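See structure below.
All chains are named by letter (A, B, ...) in the order of the sequence lines, taking the proteins before the strands, and each is independently numbered beginning at 1. Below, all heavy atoms of this structure are taken into account, side chains as well, without hydrogens, waters or symmetry copies. In this text, all values refer to a predicted model and were calculated from it rather than measured experimentally.
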Number of protein chains: 2
Amino acid sequence: MNELNEIYANFVVELRRGVSNLVVLSQCQQPTYGYQLVKNLAESGIPLEGNTVYPLLRRLEDQGLLRSDWDTSTDKPRKYYQITETGSQLLAQITSYWRDSVKNIESILEA
Amino acid sequence: MNELNEIYANFVVELRRGVSNLVVLSQCQQPTYGYQLVKNLAESGIPLEGNTVYPLLRRLEDQGLLRSDWDTSTDKPRKYYQITETGSQLLAQITSYWRDSVKNIESILEA
DNA sequence: ACATTATAGTGTATATCGCACAGTAATGCA
DNA sequence: TGCATTACTGTGCGATATACACTATAATGT
């Protein structure tokens with residue numbers, strides 16, 4: 001017997017999916033590293049775990065939307081990711097798509 | 001070029017994911033059938049195709065969030081889905097979650 | 001007579017997530 | 001001093017849900 005909480009949790013997972021692309025790209029307008037993202041996004045109410053963030057960053061880099069540089073100047077080496085020109089273009093597109101969707105969904109919910 | 005469009009399309013797919021649960025549950029506050037959902041949602045700017053909607057309706061029914069009745073009184077038999085009490089509770093929860101998320105994401109995008 | 005609409009469905013490949021786990025170096029604390 | 005926790009980056013696997021490409025049937029439009 002499926003418990004309601006389980007179903008709810010799964011809905012939340014699905015809702016968060018895709019949003020991660022959007023918020024990570026957005027955050028990488030400033031050079032950022034994975035662990036920082038995990039912390040910042042949790043504070044911002046969009047908790048993404050490391051096992052989600054690290055593969056995501058690599059995917060985005062593979063797609064040419066981010067680029068990365070290791071900073072080894074401190075004791076804790078950090079891999080900084082930063083958005084590319086291509087990434088910026090895509091970010092603008094999906095931000096626009098996102099806002100349109102939000103409006104559409106809100107009007108469905110209110111109807 | 002084509003590559004970017006593909007990436008964009010995939011982002012859109014991921015963003016739409018989960019939203020389908022929300023809008024379908026919401027629409028089923030009035031008894032509705034699959035084909036009508038496909039048409040209505042397309043008009044509302046949330047295009048979901050039959051191969052997405054029909055399995056989704058069945059899942060929601062399996063989870064006890066919707067129930068269905070065949071209407072065979074007309075020449076075209078239609079399977080009407082309607083939200084259950086449990087479904088209504090969950091809809092309220094995920095609607096609330098959705099609106100909170102939207103606020104959080106918007107504030108990340110603006111930062 | 002032929003195409004399109006209306007209506008419901010399936011099978012398979014693919015993408016991404018969560019959970020669990022691996023691994024190292026610094027820092028806090030008992 | 002010794003041990004736990006934090007900081008930091010990752011991997012492997014199973015589960016879920018989507019897109020794409022179909023199957024199927026009956027009515028309606030031209």
Inset, instruction - For N51(B), answer base if it contacts any base atom (sugar-phosphate contacts may also be present), sugar-phosphate if it contacts only those atoms, and nothing otherwise; contact means non-hydrogen atoms under 4.0 Å. - result: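 Base, at least one base atom sits under 4.0 Å.
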Inset, instruction - Identify whether any heavy atom of R78(A) sits under 4.0 Å from a base atom; if not, whether one sits that close to sugar-phosphate; answer base, sugar-phosphate or nothing. - result: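 Since only primed, P, OP1 and OP2 atoms lie under 4.0 Å of R78(A), the category is sugar-phosphate.
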Of the listed nucleotides ([options]), which one gets closest to any side-chain atom of [X]?
X: D75(A); options: dT27(C), dT16(D), dC8(D); answer: dT27(C)
X: Y33(A); options: dG10(D), dT9(D), dA8(C); answer: dT9(D)
X: S20(B); options: dT18(D), dA8(C), dT16(C); answer: dT18(D)

Inset, instruction - On DNA chain C, check which nucleotide each of K76(A) and P55(A) is closest to and give me the residue with the more 5' one. - result: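 Here P55(A) is the residue nearer the 5' end.
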Legend entry - Given DNA chain C, 5'-ward residue of the pair E14(B) and E49(A), judged by closest heavy atom: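 Between the two, 5'-proximity favours E14(B).
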Inset, instruction - Kindly indicate, with the supporting measurements, whether the criterion side chain to side chain donor-acceptor pair (under 3.5 Å) is fulfilled by E61(A) and S68(A). - result: CA-CA 8 Å; E61(A) 187 176 22; S68(A) 66; 2.7 Å; yes
Would you say [X] places a side-chain N or O within less than 4.0 Å of OP1 or OP2 belonging to [N]?
X: R16(A); N: dT16(D); answer: no
X: K39(A); N: dC8(D); answer: no
X: N10(B); N: dT16(C); answer: yes
X: T52(B); N: dA17(D); answer: no

In whole Å, what is the span from the [atom1] atom of [X] to the [atom2] atom of [N]?
X: D71(B); N: dA8(C); atom1: CG; atom2: P; value: 10 Å
X: Y54(A); N: dC8(D); atom1: OH; atom2: P; value: 8 Å
X: L22(A); N: dT16(C); atom1: CG; atom2: C1'; value: 16 Å
X: L60(B); N: dT16(D); atom1: CG; atom2: P; value: 15 Å
X: L48(A); N: dC17(C); atom1: CG; atom2: C1'; value: 10 Å
X: R58(A); N: dA15(C); atom1: CZ; atom2: P; value: 18 Å
X: Y81(A); N: dC8(D); atom1: OH; atom2: P; value: 14 Å
X: D62(A); N: dA15(C); atom1: CG; atom2: P; value: 13 Å

Inset, instruction - Sort out for me which residue in L25(A), L91(A), L22(A) forms a side chain to side chain contact (heavy atoms under 4.5 Å, CB included) with F11(B). - result: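 Option passing the side chain to side chain contact (heavy atoms under 4.5 Å, CB included) with F11(B): L25(A).
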Inset, instruction - From the options L48(B), L57(B), T52(B), L56(B), select the one residue that forms a side chain to side chain contact (heavy atoms under 4.5 Å, CB included) with L37(B). - result: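 Passing option: L57(B).
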Inset, instruction - Please check if atom CD in E49(A) has more than 12 non-hydrogen atoms from other residues, nucleotides or ligands closer than 6.0 Å. - result: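 No, CD of E49(A) has 12 or fewer neighbouring heavy atoms, counting only those of other groups under 6.0 Å.
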Legend entry - Sidechain-backbone polar pair: T86(A) side chain, L65(A) backbone, donor-acceptor under 3.5 Å: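 No, T86(A) side chain to L65(A) backbone: no donor-acceptor pair under 3.5 Å.
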Inset, instruction - Check whether the side chain of R17(B) and the base of dT16(D) form a donor-acceptor pair under 3.5 Å. - result: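 Such a pair exists between side chain and base.
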Inset, instruction - Could you walk me through whether Q82(B) and Q29(B) pass the side-chain contact (heavy atoms from CB on, under 4.5 Å) test, one step at a time? - result: CA-CA 6 Å; Q82(B) 189 174 345; Q29(B) 290 174 111; over 6 Å; no
Inset, instruction - For residues K79(A) and Y33(A), report the shortest heavy-atom separation together with the two atoms involved. - result: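 Heavy atoms of K79(A) and Y33(A) come nearest at O-CB, 3.2 Å.
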Inset, instruction - Walk me through it: do T95(B) and R99(B) pass the test side-chain contact (heavy atoms from CB on, under 4.5 Å)? - result: CA-CA 6 Å; T95(B) 300; R99(B) 290 187 169 134; 3.5 Å; yes
Legend entry - Degree of bending in the helix from dA1(C)-dT30(D) to dA30(C)-dT1(D) once both end axes are built from five pairs, to 10°: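 What I find for the helix from dA1(C)-dT30(D) to dA30(C)-dT1(D) is an axis angle of 20°.
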